[in-house]
Visitor: 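Before I ask anything, here is the structure I am working with.
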Amino acid sequence: LKLNPMPDVLAGKSVVVVDDSIVRGNTSRKLVKMLKDAGAREVHLRISSAPVKHPCFYGIDMSERDELIANHMNPEQLREWLQCDSLVYLDAGDMQAIASNHRACAACFT
């Protein structure tokens with residue numbers, strides 16, 4: 001119930017969805033389907049992190065490596081599985097450059 005697509009707004013439109021990450025992929029896949037079922041002509045995903053490929057070694061509760069979708073699929077395979085029209089991640093190097101003034105761990109990405 002958190003997301004209620006409005007068919008009158010989405011019908012025939014090309015939609016860009018910005019999300020913080022894709023971990024297991026289930027939520028993203030449901031979101032793409034929901035938007036297309038509501039009439040979106042295209043759904044493009046933009047992810048504001050690099051692909052999450054490794055579990056956190058510093059205690060953040062996250063999936064095991066086998067459950068991390070980016071560990072099993074490259075971005076094109078994942079795009080096909082999600083059934084979106086395009087999928088673009090933020091590059092790990094760009095993430096580190098953005099966070100250069102902060103002590104940020106990138107182990108789950110690199």
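Along the sequence shown, residues are numbered consecutively beginning with 1.
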Visitor: To the nearest 0.5 Å, tell me how far Glu67 CD sits from His72 NE2.
Guide: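 Here the interatomic distance stands at 8.5 Å.
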Visitor: Considering non-hydrogen atoms only, spot the tightest contact between Ala106 and Gln96 and give its length.
Guide: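 Taking every non-hydrogen atom into account, CB-NE2, 3.3 Å.
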Visitor: Sequence neighbours excluded, which residues qualify as side chain to side chain donor-acceptor pair (under 3.5 Å) partners of Arg46?
Guide: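 Scan of Arg46 (side chain to side chain donor-acceptor pair (under 3.5 Å), adjacent residues dropped) gives Ser86.
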Visitor: Within this structure, what is the CD-CE distance for the pair Glu80 and Met73, rounded to the nearest 0.5 Å?
Guide: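 The CD atom of Glu80 sits 9.5 Å away from the CE atom of Met73.
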Visitor: Mind checking side-chain contact (heavy atoms from CB on, under 4.5 Å) for Asn74 and listing every partner two or more places apart, or none if nothing turns up?
Guide: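 For Asn74, the residues satisfying side-chain contact (heavy atoms from CB on, under 4.5 Å) (neighbours in sequence not counted) are Glu76, Gln77.
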Visitor: Quick one: does Tyr89's side chain get under 4.5 Å of Leu78's, heavy atoms only?
Guide: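 Side chain of Tyr89 against side chain of Leu78, heavy atoms only: contact under 4.5 Å found.
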Visitor: For residues 30-39, please give each side-chain donor-acceptor pair under 3.5 Å, one per line with the distance, not counting sequence neighbours.
Guide:
unit_1, atom_1, unit_2, atom_2, d
Lys33, NZ, Asp37, OD2, 2.7
Lys36, NZ, Gln83, O, 3.2
Lys36, NZ, Asp85, OD2, 3.2

Visitor: Please find the pair of heavy atoms, one from Val52 and one from Leu68, that lie closest to each other, and give the distance.
Guide: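 Closest approach of Val52 to Leu68, heavy atoms only: O-CB, 3.7 Å.
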Visitor: What are the two closest heavy atoms between Gly25 and Ile69, and how far apart are they?
Guide: N-CG2, 4.1 Å
Visitor: Please round to the nearest 0.5 Å and tell me the distance separating atom SG of Cys84 and atom CZ of Arg79.
Guide: 6.5 Å
Visitor: Going by salt bridge (Lys or Arg N to Asp or Glu O under 4.0 Å), name the residues that satisfy it together with Asp94, two or more places apart in sequence or in a different chain.
Guide: none
Visitor: I'd like to check Ser49 versus Phe109 (side-chain heavy atoms, cut-off strictly below 4.5 Å). Are they in contact?
Guide: yes
Visitor: Could you tell me the separation between the OG atom of Ser28 and the CG atom of Leu87, rounded to the nearest 0.5 Å?
Guide: 8.5 Å
Visitor: Identify each donor-acceptor pair in which a side-chain atom of residues 6-21 lies under 3.5 Å from a protein atom, sequence neighbours left out, and give them as a table.
Guide:
unit_1, atom_1, unit_2, atom_2, d
Lys13, NZ, Val9, O, 3.3
Ser14, OG, Glu42, OE1, 2.9
Ser14, OG, His44, NE2, 3.3

Visitor: Any idea which heavy atoms bring Arg65 and Pro55 closest together, and the distance?
Guide: CB-CD, 3.9 Å
